[in-house]
Amino acid sequence: MKFKKATTQKEIFQLMRIRIDVFVIEQEVDPSIEIDDTDGLCDQYVLYDDSEQIVGTCRVIIEDDSWHVGRVAIKKEARKHQYGSYMLQQVEILARQANAKQLELGAQVTAMPFYERNGYVGFGDIFFDAHIEHKMMVKQL
């Protein structure tokens, strides 16, 4: 596996395709909500599998010593291979190298057990984002 910042047009296109497949097609999120202005202001990452295919993506917004992780998505056919956990671990390594104090994210309520297994703790009230229940989660570094 290889986790890296998306730097080429091909990587950007492929990560957007994964996000569209996961969020717009599978979860019926409005495309105008999924692709937003933040995409041009954050770091986008891709995860390659061992056959050098992009299977996952996430984005990171850095705010002082807190990193906000978002748009975590794994191709449907690539799920159940621990790719999501590996991607979160790699983000954590980068955050620690940058002396970040915490990682935070808005998790879909149905995905909270996954994030809890990766060391995140929920806080605050449930809220709706794109008509899907979410809860904020944090991992102290």
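One is the number of the first residue; the rest follow in order along the sequence. It should be emphasised that the depicted structure is a prediction, and the values quoted were computed from it without experimental measurement.
The side-chain heavy atoms of V121 and M137, taken from C-beta on, include no pair separated by under 4.5 Å. The closest side-chain heavy-atom distance from M136 to L105 is not below 4.5 Å. Residues V72 and M87 meet the side-chain proximity criterion, which asks for heavy atoms closer than 4.5 Å. Contact annotation: the side chain of S66 approaches that of E104 to within less than 4.5 Å [non-hydrogen atoms, C-beta and beyond]. Side-chain contact between W67 and L94 is present, with at least one heavy-atom pair separated by less than 4.5 Å. Put simply, the side chain of L15 does not reach to within 4.5 Å of the side chain of Y45, judged on heavy atoms.
Heavy-atom neighbours of Q140 CD from other residues, nucleotides or ligands within 6.0 Å: above the threshold of 12. For CD of Q9, the number of neighbouring non-hydrogen atoms (other residues, nucleotides, ligands) closer than 6.0 Å is 12 at most.
Sorted by first and then second residue, the ring-ring contact (aromatic ring centres under 6.0 Å, His included) pairs with a member in residues 73-107 read H81-Y83; sequence neighbours excluded. Here side chain to side chain donor-acceptor pair (under 3.5 Å) pairs that include residues 112-137, with residues two or more places apart or in two chains, are S85-N118. Identified under the side chain to side chain donor-acceptor pair (under 3.5 Å) test for residues 21-40, with sequence neighbours left out: R17-D21, R19-E34, R19-D39, E26-R79, Q27-Q108, D30-S32, E34-R71, D36-R59, D36-R71, D39-Q44, D39-R59.
Heavy-atom minimum distance, V60 versus C42: O-CB, 3.2 Å.
The pair E11-K4 meets the salt-bridge criterion, since a charged nitrogen lies less than 4.0 angstrom from a carboxylate oxygen.
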Test log, rule side-chain contact (heavy atoms from CB on, under 4.5 Å), inputs L103 and V91: CA-CA 9 Å; L103 297 169; V91 169; 4.0 Å; yes
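Side-chain atoms of D49 and S51 form a donor-acceptor pair, as typed in the model, at a separation below 3.5 Å.
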